[in-house]
Amino acid sequence: MQLSEHEVLRRQALEELINLGINPYPADLFEVNDNSVRIKTDFEKDAAHYEGRTISLAGRIMSRRDMGKAAFVVIQDSVGKIQLYIKRDDICPGEDKQLYDVLFKKLLDLGDFIGVAGYVFRTKTGEISLHVQHLKLLSKALKPLPVVKEKEGEVFDAVSDVELRYRQRYVDLNINPHSKEVFIQRSKLVMSMRNFLNSKQYVEVETPILQPLYGGAAARPFKTHHNTLDMTLYLRIANELYLKRLIVGGFDGVFEFAKDFRNEGMDRFHNPEFTQMELYVAYKDYYWMMDLVEEMVEKICIDLYGKTEVQVGEHIINFARPWKRFTMFEAIQHFTGIDISAMDEAALRATAKELHVPIDNTMGKGKLIDEIFGEKCEAQLIQPTFITDYPVEMSPLAKKHRSKDGLVERFEAICNGKEICNAFSELNDPIDQRKRFEEQLELGKRGDEEAMMLDEDFLRALEYGMPPTAGLGMGIDRLCMILTNSHSIQDVLLFPQMRPEKTME
RNA sequence: GAUUCCGUAGCUCAGCUGGUAGAGCAUAACACUUUUAAUGUUGGGGUCUUGGGUUCGAAUCCCAACGGGAUCACCA
């Protein structure tokens, strides 16, 4: 591998360090007793508190301004940056000035980790800084980080190459504070949701990722093989059928933050592996679940931002309860002016054509309705909105509507023109469920690659009896995109799927 | 999978209708003991993603491959 000029120089520095008896990767612990952000806020509030105290910090050198026998260095720790003032005669009080003249001036580079100890003070220009009295190299960096400069909030030479940001996330996180912030928010989002569900006494569980039959959603799976059992296994596309088995088993409420895998196209809303939170609660229905979703998402938003509104692109989205609720028919009527609720297949087909909705002859009644909704309504729903009562054909795991023929008790929450969750009153009639699976098998035979498989064990479980249950699947990545105003799913995934890099030899 | 745009130094970018590569930062050397996009002086650094083609001559024009973005299709 061809080394760049920078890399050659850093390797030379590494050797010189070793020759000087300085371990560039020391094993002994460097004790840290504060961090960059806390120092700045605390010193601002109460400078006297820092009187006579020795503070030790560790971090990465991000910039340096060398001025002969003194220098200003900015280091970055996990929470932020702070300036150090390093004076030669302070870190080298005796005759031997090697630590400053050689180690600091010649052998330390941007990106190296150092540990420092000293006292906090304010410089002439007012910046709270650490006056360094002890300096130690903690880890040498052999590759240079891109240098991003900043003045009065304006950022210069920010890395704009998204490919580098996604492939080398470790670099991105170091040089792009916003990027790191997104992942901290994601962590808070998950924590907030988990706390909410825990507070309701639901049980967090783990179910198989490797499944002999994939089910619970309409999607193409990843297929793999188990050698010892000599059998085909699939990476789960959903965990729905396993969680419902647990409801059969007597849990009142179970949930799982699940990585699911779908072998389909990739774009700014889709990654082959993604995260869903699925929740099933016994003795509840989809109306109840709508209330819970509103309550949960509103709470998450407040936990993250202290308010219910977030800026998403050009819109301000408000998650305050209650959210708007439309049946699918009402939504279509609202956005097209056409009432399709009583239409038969032929009339629907004619309406779709009239509305310039692309359709084909294989589409049945349910699919036609779904297409019209998808084309004419979904993108226009910016504020969080529940769409309810879907055609039965699209929802083989949902319970038939208590009063509306041909529909199921299902809702999706749409926000910023995209689905963020999907829920239903779960189908718990084993006879009906078998029929629905059989219809799926028919679709599969006709070439629908996303048709569901018939899961005999799941049916057996239902035959033992499942209480009435409300179920929910919530796209964590999608929700995170909205709550962090991220344009692409890749911005909320630490390591989004990428094609292999050319060669790295 | 389709359409379209992009690929020049470690990073951010110039490079016109083809004439043999440029800046800022970073880096190296020297100076500077309160600077902050530090500063001053002087250097080094590029198979212009890869492979073909057109041409006397290609970073530039054409074709293909690879990688990335956007839009569309499938989907969450």
Side-chain angles (χ1 to χ4, degrees), chain A residues 2-10 12-13 62-74 81-91 100 105-106 109-111 121-127 129 131 141-168 171 175-176 216-220 237-238 260-278 358 374 378 412-414 418-422 448-450 473-479 481 487-490 496 498-503:
Chain A
Q2 193 66 42
L3 292 180
S4 71
E5 179 196 5
H6 296 92
E7 291 171 304
V8 170
L9 288 163
R10 282 168 184 242
Q12 286 169 6
M62 297 307 281
S63 69
R64 55 189 290 169
R65 292 175 287 280
D66 239 308
M67 299 181 313
K69 294 176 184 61
F72 290 92
V73 170
V74 174
K81 295 180 183 173
I82 189 164
Q83 180 173 263
L84 310 177
Y85 179 54
I86 301 180
K87 203 151 92 165
R88 187 179 76 170
D89 296 336
D90 283 352
I91 65 166
Y100 186 88
K105 281 190 86 165
K106 304 282 182 194
D109 292 298
L110 300 188
F121 76 114
R122 198 186 282 273
T123 66
K124 257 189 211 166
T125 50
E127 180 155 349
S129 309
H131 190 126
L142 296 183
K143 279 179 177 294
L145 288 172
V147 177
V148 180
K149 300 229 172 184
E150 197 182 324
K151 187 187 188 182
E152 284 151 17
E154 204 182 338
V155 176
F156 300 83
D157 297 340
V159 171
S160 57
D161 179 2
V162 291
E163 186 176 354
L164 186 150
R165 292 187 41 227
Y166 299 152
R167 283 195 199 280
Q168 302 185 42
V171 171
I175 60 177
N176 187 351
R220 274 143 58 197
I237 58 173
D260 292 338
F261 305 83
R262 299 190 185 173
N263 206 341
E264 291 174 340
M266 291 162 60
D267 59 32
R268 75 187 182 93
F269 291 104
H270 300 89
N271 193 67
E273 60 180 281
F274 66 103
T275 305
Q276 263 202 106
M277 194 287 294
E278 291 201 33
E378 195 166 15
E412 291 188 358
I414 315 280
K418 279 278 167 188
E419 174 191 343
I420 58 169
C421 75
N422 181 18
D448 185 344
E449 288 183 86
E450 292 173 352
M474 181 158 252
I476 299 297
D477 312 289
R478 293 275 177 87
L479 183 62
M481 281 172 70
H487 176 75
S488 165
I489 195 169
Q490 297 175 111
M498 301 286 274
R499 284 198 166 80
E501 269 181 280
K502 261 174 249 175
T503 36

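The chains referred to below are lettered A, B, ... by the order of the sequence lines, with proteins before strands, and numbering in each begins at 1.
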For U54(B), give its Watson-Crick or G-U wobble partner with both distances under 3.5 Å, or none.
-> none
Pair partner, G24(B) [Watson-Crick or wobble, under 3.5 Å] | C11(B)
Is S160(A) touching bases, backbone alone, or none of the nucleic acid, heavy atoms closer than 4.0 Å?
-> sugar-phosphate
Remember a base hit wins even if backbone is also touched, and classify I175(A) as base, sugar-phosphate or nothing at under 4.0 Å, heavy atoms.
-> nothing
NA contact type, A158(A), heavy-atom cut-off 4.0 Å: base, sugar-phosphate, or nothing?
-> sugar-phosphate
Using a 4.0 Å heavy-atom cut-off, write out nucleotides 37-43 of chain B from 5' to 3' as B (base contacted by protein), S (sugar-phosphate only) or - (no contact).
-> BB-----
So what does G265(A) hit on the nucleic acid, given a heavy-atom distance under 4.0 Å: a base, only sugar-phosphate, or nothing?
-> base
Is Q490(A) touching bases, backbone alone, or none of the nucleic acid, heavy atoms closer than 4.0 Å?
-> sugar-phosphate
Taking the same atom, C1', in U27(B) and in G18(B), what whole-Å distance lies between them?
-> 34 Å
Give a yes/no on whether any side-chain N or O of R10(A) is located under 4.0 angstrom from OP1 or OP2 of U27(B).
-> no
Looking at every strand, decide which applies to D267(A) at a 4.0 Å heavy-atom threshold: base, sugar-phosphate, or nothing.
-> base
Under 3.5 Å on both distances, the Watson-Crick or G-U partner of A70(B) | U3(B)
Distance test, side-chain N/O of K106(A) to OP1/OP2 of C30(B), below 4.0 Å | yes
Can a side chain N or O of Q83(A) be found less than 4.0 Å away from OP1 or OP2 on U34(B)?
-> no
Give one of base, sugar-phosphate or nothing for Y100(A), where a contact means two heavy atoms less than 4.0 Å apart.
-> nothing
Under-4.0 Å side-chain N/O to phosphate OP1/OP2 contact, R499(A) with G67(B) | yes
Is E127(A) touching bases, backbone alone, or none of the nucleic acid, heavy atoms closer than 4.0 Å?
-> base
Quick one: label R220(A) by what it contacts on the DNA or RNA (base, sugar-phosphate, nothing), any heavy atom closer than 4.0 Å.
-> nothing
Whole-Å C1' distance, G69(B) and C56(B) | 39 Å
Mind checking N422(A) for me? I need base, sugar-phosphate or nothing, with any heavy atom below 4.0 Å counting as a touch.
-> nothing
Heavy atoms under 4.0 Å, any strand shown: does H487(A) hit a base, just sugar-phosphate, or nothing?
-> sugar-phosphate
Does G40(B) have a Watson-Crick or wobble mate here (both distances under 3.5 Å), and if so which one?
-> C30(B)
